[in-house]
Amino acid sequence: SRLNEVYQELKSKIDTLFDKEENKKSQTLLIKAQRVWIEFRDAECKLSGQLERYGGTDNWKLSSSVFCKAGMTQERSLVLEKYLEEINAK
């Protein structure tokens with residue numbers, strides 16, 4: 001997926017920019033941020049699916065959740081691309 005590509009590219013770029021200590025700190029923060037974001041995305045989309053069609057069918061809730069995840073994943077890709085652009089501009 002595009003998100004994974006950008007994430008891996010960002011991780012690799014961080015390795016080339018800073019000294020070893022800063023690399024490790026930046027890598028740790030990136031990994032933590034990504035893990036927390038995934039948890040947030042999953043919970044947010046589950047809630048969205050539940051509330052959007054309260055009392056609707058399970059198929060509708062699943063479909064809503066899938067679209068939510070796709071949209072949020074695309075947005076996250078753009079955020080990581082922005083970080084990458086900022087790093088490349090330096």
Side-chain angles (χ1 to χ4, degrees):
S1 77
R2 180 67 185 144
L3 177 60
N4 288 332
E5 290 172 10
V6 175
Y7 175 77
Q8 292 302 326
E9 190 176 345
L10 183 56
K11 279 181 66 178
S12 294
K13 189 66 175 183
I14 287 171
D15 278 339
T16 66
L17 289 180
F18 306 113
D19 63 34
K20 191 171 185 173
E21 187 175 318
E22 281 298 311
N23 284 347
K24 187 173 181 177
K25 183 177 180 181
S26 296
Q27 291 286 0
T28 300
L29 289 171
L30 175 62
I31 291 166
K32 182 177 181 178
Q34 192 66 7
R35 287 180 180 161
V36 170
W37 176 83
I38 289 168
E39 284 184 45
F40 169 74
R41 178 203 61 190
D42 291 350
E44 182 72 13
C45 291
K46 189 173 183 178
L47 174 62
S48 175
Q50 184 70 26
L51 296 178
E52 191 169 301
R53 291 289 184 186
Y54 188 76
T57 66
D58 287 338
N59 286 340
W60 176 260
K61 291 175 190 172
L62 177 61
S63 177
S64 180
S65 179
V66 168
F67 284 118
C68 176
K69 284 183 181 179
M72 289 186 74
T73 298
Q74 184 177 12
E75 289 175 12
R76 179 65 176 171
S77 296
L78 294 173
V79 168
L80 295 184
E81 285 174 351
K82 181 74 173 162
Y83 291 155
L84 198 53
E85 287 174 13
E86 289 172 4
I87 287 173
N88 286 330
K90 293 181 179 184

Next on the checklist: Would you say Val79 ends up clustered with Ile87 if hydrophobic residues are merged whenever their side chains have heavy atoms under 4.5 Å apart, either directly or through other cluster members?
Outcome noted: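 Yes, Ile87 connects to Val79 through the hydrophobic network.
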Next on the checklist: Regarding Glu21 and Lys24, does a basic nitrogen lie under 4.0 Å from an acidic carboxylate oxygen?
Outcome noted: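 No salt bridge links Glu21 with Lys24.
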Item to check | Over all atoms of both residues, closest heavy-atom pair of Asn23 and Asp15 | outcome: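 In terms of heavy atoms, the two residues are closest at ND2-O, 3.0 Å.
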In Å and rounded to the nearest 0.5 Å, what is the [atom1] to [atom2] distance from [X] to [Y]?
X	Y	atom1	atom2	result
Glu81	Glu5	CD	CD	9.5 Å
Tyr7	Ile31	OH	CD1	4.5 Å
Lys13	Leu84	NZ	CG	7.5 Å
Ser77	Leu3	OG	CG	4.0 Å
Leu30	Ile14	CG	CD1	5.0 Å

Checklist entry - Is a side-chain N or O of Gln27 found less than 3.5 angstrom from the main chain of Lys11, in a donor-acceptor match? => result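 Indeed, once roles are kept as given, a pair shorter than 3.5 Å links the two residues.
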Checklist entry - Who passes side-chain hydrogen bond (donor to acceptor under 3.5 Å, both in side chains) against Glu9, sequence neighbours left out? => result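 Glu9 satisfies side-chain hydrogen bond (donor to acceptor under 3.5 Å, both in side chains) with no residue once adjacent residues are dropped.
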Checklist entry - Who passes side-chain hydrogen bond (donor to acceptor under 3.5 Å, both in side chains) against Lys82, sequence neighbours left out? => result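 In terms of side-chain hydrogen bond (donor to acceptor under 3.5 Å, both in side chains), with neighbours along the sequence ignored, Lys82 is linked to no residue.
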Item to check | Side-chain heavy atoms of Leu78 within contact of Val6, under 4.5 Å | outcome: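 Sidechains of Val6 and Leu78: no contact.
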Could you pull out all donor-acceptor pairs under 3.5 Å where a side-chain atom in residues 32-43 meets a protein atom, sequence neighbours excluded?
residue : atom : partner : partner atom : Å
Gln34   : OE1  : Arg76   : NE           : 3.0
Gln34   : OE1  : Arg76   : NH2          : 2.9
Arg41   : NH1  : Thr73   : OG1          : 3.1

Next on the checklist: A quick test of your reading: do over 12 heavy atoms of other residues, nucleotides or ligands sit less than 6.0 Å from CD of Gln74?
Outcome noted: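 Counting other residues, nucleotides and ligands, CD of Gln74 stays at 12 neighbours or fewer.
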